[in-house]
Amino acid sequence: MLNKIKGDLRKLANKEKIPIYQNFFKTKKGQYSEGDVFIGVSVPNTRKIAKKYKDSKLSVVEQLLGSKIHEERLLGVLILVQKYQKTNDDKIFFFYKKHNKKINNWDLVDLSADKIVGHYYYNNKNKIQELYELAKSNNLWEKRTSIVSTFYFIKNNDFKQTITVSELLLRDKHDLIHKAVGWMLREVGKKDKKILLQFISKNYHKIPRTTLRYAIEKFSEAERLKYLKGNINL
């Protein structure tokens with residue numbers, strides 16, 4: 001089965017896309033995805049294969065997640081999303097959590113974290129401390145998972161977890177965390193601008209510039225300039 005899945009994925013590969021993906025996902029020495037291997041399959045085409053093999057056993061998914069090939073890991077992640085959304089089976093969440101370090105690029109995290117991890121903790125708020133612990137991880141992808149997971153809460157008009165996790169990550173040095181936190185704060189602002197403004201005012205001198213730019217992206221130009229220049233009542 002595994003060879004058949006991989007074979008179907010490779011049929012949709014486009015070698016011309018490989019250097020584009022390598023550059024986009026920062027695979028050069030010293031970059032966050034150093035050494036990641038691509039075969040040139042688009043996300044929509046990977047989704048097609050995931051849908052076709054959504055009933056694959058977790059043992060097969062585990063092998064996909066262990067692959068050095070980016071699109072195979074993405075395929076494994078997308079199959080997990082399919083499985084979880086169909087069943088809401090907690091064992092899918094625990095499997096995802098166990099293999100979180102293999103979900104090791106921002107697209108893999110962003111296409112799955114809210115749908116699995118966010119959904120689980122939204123429905124198991126008594127375990128929310130685990131999400132905060134994820135934010136304190138030394139692993140980049142676990143930290144990104146913690147903040148992107150809160151997107152599920154935002155969609156359900158619950159902003160507390162995004163604010164809490166954002167505060168835990170404000171001192172993080174990585175650009176991918178700055179962007180993810182800013183993205184989630186922006187989504188909060190779309191729903192309740194007052195909460196976003198309160199967060200900015202409270203944490204203005206600690207917010208990384210990238211995070212701030214992402215968070216206020218939907219503001220008017222005049223308002224953006226005001227916040228970027230610090231011309232606000234703190």
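Any value given below was found using the heavy atoms of this structure, including those in side chains, with hydrogens, waters and symmetry copies removed.
- Within 6.0 Å of NZ in K97 there are more than 12 heavy atoms belonging to other residues, nucleotides or ligands.
- Both I116 and V43 sit in one connected hydrophobic cluster of ILVMFWY residues. Membership requires side-chain heavy atoms under 4.5 Å apart, directly or through other members.
- No continuous path of ILVMFWY side-chain contacts below 4.5 Å connects L225 to I216, so the two sit in separate hydrophobic clusters.
- The main-chain N or O of L58 is never found under 3.5 Å from a side-chain atom of E62 such that the two would form a donor-acceptor pair.
- Distance check: I5 CD1 to L75 CG gives 6.5 Å after rounding to the nearest 0.5 Å.
- Taking K125 as the reference, nothing meets the side-chain hydrogen bond (donor to acceptor under 3.5 Å, both in side chains) condition, with sequence neighbours excluded.
- The distance from atom CG of L196 to atom OG of S166, rounded to the nearest 0.5 Å, is 9.5 Å.
- Looking at N105, its side chain never comes within 3.5 Å of a backbone N or O of D107 through a donor-acceptor pair.
- One finds the CD atom of Q85 at 11.5 Å from the CD1 atom of I92 (value rounded to the nearest 0.5 Å).
- Residues forming a side-chain hydrogen bond (donor to acceptor under 3.5 Å, both in side chains) with Q198 (at least two apart in sequence, or on another chain): none.
- Atom NZ of K155 is surrounded by more than 12 heavy atoms from other residues, nucleotides or ligands within 6.0 Å.
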- [ ] Given side-chain contact (heavy atoms from CB on, under 4.5 Å), test V41 with N14 step by step and report yes or no.
- [x] CA-CA 6 Å; V41 184; N14 181 347; over 6 Å; no
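- At a threshold of 4.5 Å between non-hydrogen side-chain atoms, the residues N139 and N100 do not count as touching.
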TODO: Step by step, work out the side-chain contact (heavy atoms from CB on, under 4.5 Å) result for F151 and K115.
DONE: CA-CA 9 Å; F151 200 5; K115 298 173 182 65; over 6 Å; no
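- Residues forming a side-chain contact (heavy atoms from CB on, under 4.5 Å) with R171 (at least two apart in sequence, or on another chain): K206.
- More than 12 non-hydrogen atoms from other residues, nucleotides or ligands lie less than 6.0 angstrom from CD of E34.
- Residues L212 and Y204 form a side-chain contact, since some pair of their non-hydrogen atoms from C-beta on lies under 4.5 Å apart.
- In this structure the side chain of K202 never reaches within 4.5 angstrom of the side chain of I163, judged on heavy atoms.
- Under the 3.5 Å distance criterion, the side-chain polar atoms of D89 are matched with a main-chain donor or acceptor of K91.
- A salt bridge is defined here as a Lys NZ or Arg NE, NH1 or NH2 lying under 4.0 Å from an Asp or Glu carboxylate O, and E187 with K190 meets this definition.
- One N or O on the side chain of N123 and one on the backbone of H119 form a donor-acceptor pair closer than 3.5 Å.
- Judged as a salt bridge (Lys or Arg N to Asp or Glu O under 4.0 Å), and not counting sequence neighbours, R213 has no contacts.
- Considering only heavy atoms from C-beta on, F159 stays 4.5 Å or farther from T150 through its side chain.
- Within a 6.0 Å radius of CD in Q129, other residues, nucleotides and ligands contribute more than 12 heavy atoms.
- Of the N and O atoms on the side chains of Y96 and S112, at least one donor lies less than 3.5 Å from an acceptor on the other residue.
- Between Y120 and F94, the distance from one ring center to the other falls under 6.0 angstrom.
- Between V61 and H99 the shortest side-chain heavy-atom distance does not fall below 4.5 Å.
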Open item on the list: Run the side-chain contact (heavy atoms from CB on, under 4.5 Å) test on L111 and L74 for me, step by step, so that the C-alpha distance in whole Å, both residues' side-chain angles and the decisive distance to 0.1 Å come before the verdict.
Closed with: CA-CA 9 Å; L111 290 172; L74 176 58; 3.8 Å; yes
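- Between E217 and the choices R186, K179, R224, the salt bridge (Lys or Arg N to Asp or Glu O under 4.0 Å) rule is met once, by R186.
- Of the inter-residue distances, the one linking L169 atom CG with I177 atom CD1 reads 6.0 Å to the nearest 0.5 angstrom.
- Ring pair H70/F38 is parallel by interplanar angle, where below 30° counts as parallel and above 60° as perpendicular.
- At least one side-chain heavy atom of Y53 sits under 4.5 Å from a side-chain heavy atom of K4.
- No donor-acceptor distance shorter than 3.5 angstrom exists from the side chain of E142 to the backbone of S137, with no hydrogens or angles considered.
- D192 contributes no side-chain N or O that, together with a main-chain N or O of V188, makes up a donor-acceptor pair within less than 3.5 Å.
- Going from atom CG of D55 over to atom CD of Q82 covers 9.0 Å, rounded to the nearest 0.5 Å.
- Between R10 and E72 there is a salt bridge, since at least one side-chain N of the basic residue sits less than 4.0 Å from a carboxylate O of the acidic one.
- Contact check on R144 versus D110 returns a salt bridge, with a Lys/Arg side-chain nitrogen under 4.0 Å from an Asp/Glu carboxylate oxygen.
- Around atom NZ of K191, more than 12 heavy atoms belonging to other residues, nucleotides or ligands sit under 6.0 Å away.
- Here the CG atom belonging to N126 is positioned 10.5 Å from the OH atom belonging to Y121, to the nearest 0.5 angstrom.
- Annotation: side chain of L228 is in contact with side chain of R209 (closest heavy-atom distance under 4.5 Å).
- Residues that satisfy the side-chain hydrogen bond (donor to acceptor under 3.5 Å, both in side chains) test with K83, not counting sequence neighbours, are absent from this structure.
- Although no hydrogens or angles enter the test, the distance criterion places a donor-acceptor pair under 3.5 Å between the side chain of T211 and the main chain of H178.
- In this view, L197 and K193, F219, Y227 satisfy the side-chain contact (heavy atoms from CB on, under 4.5 Å) rule, not counting sequence neighbours.
- Between the side chain of S146 and the backbone N or O of K143, at least one donor-acceptor pair lies under 3.5 Å.
- Ring-plane geometry between F25 and Y21 is classed as perpendicular, the angle between the planes exceeding 60 degrees on a 0 to 90 degree scale with a lower cut at 30.
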Open item on the list: For I147 and L168: C-alpha separation, side-chain torsions, deciding distance, then whether side-chain contact (heavy atoms from CB on, under 4.5 Å) applies.
Closed with: CA-CA 10 Å; I147 185 62; L168 288 171; over 6 Å; no
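- Pairing each heavy atom of I79 with each of K54, the nearest pair is CG2-O, 4.0 Å.
- Counting heavy atoms from C-beta outward, I103 and W141 have side chains that stay 4.5 Å or more apart.
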